[in-house]
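Note sheet for the following structure.
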Amino acid sequence: MKSFALLFLVVICGVGGLGQKLKPKKRSNGEEINFRTKTKDVCTMSMSGDEEMKLRIECKSQGMSYWCEFTGKPSVCRAFRNNPKIYWNQIAAGLRKLPHACESTEVLKITMCQKAPTEALMKQIAAGMEPEDLANEDKSVQKTSTSMRGAGKSSVEKIGKLPILPLIKPTQHGQGSENETEAMKLAREHCWESLHGFCSYIIGIFRG
């Protein structure tokens, strides 16, 4: 009886150990891998999920940011179950060789799971891109516009404060009076008294 109980215990432990050995190793959710692409885009790769995994890649490149998401069941690949860390590192290594981490990468293929079923492949399901700091750019434009309006208003105010000078139409009154006085003087010197007015008139015409 004792030998039977001992044999039963050994069988149970063996089955338990076998189940533990076949259980796939999981990579903790939220874990990230940072890398740079061939064109120096700064990227972050994060994984989540259990049997069906989700992979998200986010990158920053020359004032732009882009992202893409992949989904698949790499757990059906035996090599992934044995060491998922090597699997994700191989994916990151392949992305490093690309100029853009999300273009021309509809399916992520690696050597360690070449013979695995197609459902093991990580396939792209979504992607997008947008300019960085778009809100800051809008604020900058708005600030510049406000400054220009303020400068324009200031210029108008300065113009309004300038003294208004009266428009003086030049006249030849003083010059005419001077010519008439000079003409009369000459007329008195060279003409008879009775012809002073006539002589003055004639002299004034000739003197302009």
Side-chain angles (χ1 to χ4, degrees), residues 14-152 154:
V15 172
L18 181 62
Q20 185 176 4
K21 183 177 181 180
L22 295 177
K23 187 177 180 181
K25 297 179 181 179
K26 297 180 182 178
R27 191 178 182 92
S28 59
N29 292 342
E31 195 165 348
E32 298 180 346
I33 296 178
N34 298 317
F35 65 93
R36 288 178 178 266
T37 64
K38 189 176 181 179
T39 55
K40 306 303 180 183
D41 297 351
V42 180
C43 302
T44 300
M45 189 174 80
S46 57
M47 295 71 68
S48 61
D50 190 356
E51 180 181 357
E52 183 170 357
M53 300 292 295
K54 182 179 179 181
L55 173 66
R56 182 177 175 88
I57 300 171
E58 297 178 347
C59 301
K60 294 181 180 180
S61 169
Q62 298 178 355
M64 299 291 293
S65 62
Y66 61 89
W67 59 272
C68 52
E69 292 181 350
F70 297 81
T71 185
K73 296 180 179 180
S75 58
V76 301
C77 171
R78 182 180 297 178
F80 174 84
R81 293 197 303 267
N82 291 337
N83 199 329
K85 185 175 182 180
I86 294 179
Y87 177 89
W88 297 119
N89 284 337
Q90 281 194 4
I91 287 182
L95 294 172
R96 287 189 181 97
K97 299 176 183 179
L98 301 175
H100 193 289
C102 291
E103 289 182 357
S104 303
T105 50
E106 295 182 0
V107 179
L108 299 176
K109 299 179 180 180
I110 57 173
T111 56
M112 66 184 293
C113 287
Q114 280 182 349
K115 297 181 180 180
T118 56
E119 60 181 334
L121 299 175
M122 300 297 292
K123 300 177 182 179
Q124 189 177 123
I125 57 173
M129 64 185 302
E130 60 184 8
E132 281 187 351
D133 301 330
L134 185 60
N136 292 338
E137 290 180 8
D138 291 340
K139 290 180 181 179
S140 178
V141 172
Q142 184 178 1
K143 184 177 180 180
T144 302
S145 178
T146 303
S147 300
M148 291 179 67
R149 288 200 302 268
S154 177

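Numbers here simply count residues along the sequence, with the first being 1.
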Aromatic plane relationship, His100 with Tyr66 - under 30° parallel, 30 to 60° tilted, over 60° perpendicular = parallel
Ile57 to Ala101 - nearest heavy-atom pair and separation = CG2-CB, 4.1 Å
Any chance you could measure Asp41, atom CG, to Leu95, atom CG, to the nearest 0.5 Å?
-> 11.5 Å
Between the main-chain N or O of Met53 and the side-chain N or O of Thr71, is there a donor-acceptor pair closer than 3.5 Å?
-> yes
Nearest atoms (heavy-atom pairs only) where Ala120 meets Tyr87 = O-OH, 3.7 Å
Flag if over 12 foreign heavy atoms under 6.0 Å of CD, Glu106 = no
Which atom names give the shortest non-hydrogen contact between Met112 and Cys77, and what distance separates them?
-> O-SG, 3.8 Å
SG-SG distance between Cys102 and Cys59 under 2.5 Å?
-> no
Are Ser65 and Glu58 linked by a side-chain donor-acceptor pair shorter than 3.5 Å?
-> no
Should Leu98 and Lys38 count as side-chain neighbours, where that means a heavy-atom distance under 4.5 Å?
-> no
Say you draw a straight line from OG of Ser61 to NZ of Lys40; how long is it, rounded to the nearest 0.5 Å?
-> 12.5 Å
Looking at Thr105 and Gln124, what are the two nearest heavy atoms and their distance?
-> O-NE2, 3.2 Å
Atom OG1 of Thr39 and atom CD of Gln62: how far apart are they, to the nearest 0.5 Å?
-> 7.0 Å
Roughly how far apart are Cys113 SG and Ile91 CD1, rounded to 0.5 Å?
-> 8.5 Å
Might you point out which heavy atoms bring Ser75 and Glu51 nearest each other, and give the distance in Å?
-> OG-O, 3.4 Å
Is Arg56 salt-bridged to Glu69, going by a charged N under 4.0 Å from an acidic O?
-> yes
Working to the nearest 0.5 Å, report the span between CE of Met122 and NZ of Lys73.
-> 12.0 Å
In terms of heavy-atom contacts, does CZ of Arg96 have more than 12 from other residues, nucleotides or ligands at under 6.0 Å?
-> yes
Interatomic distance, CZ@Arg78 vs CG@Asn83, rounded to 0.5 Å, equals 15.0 Å
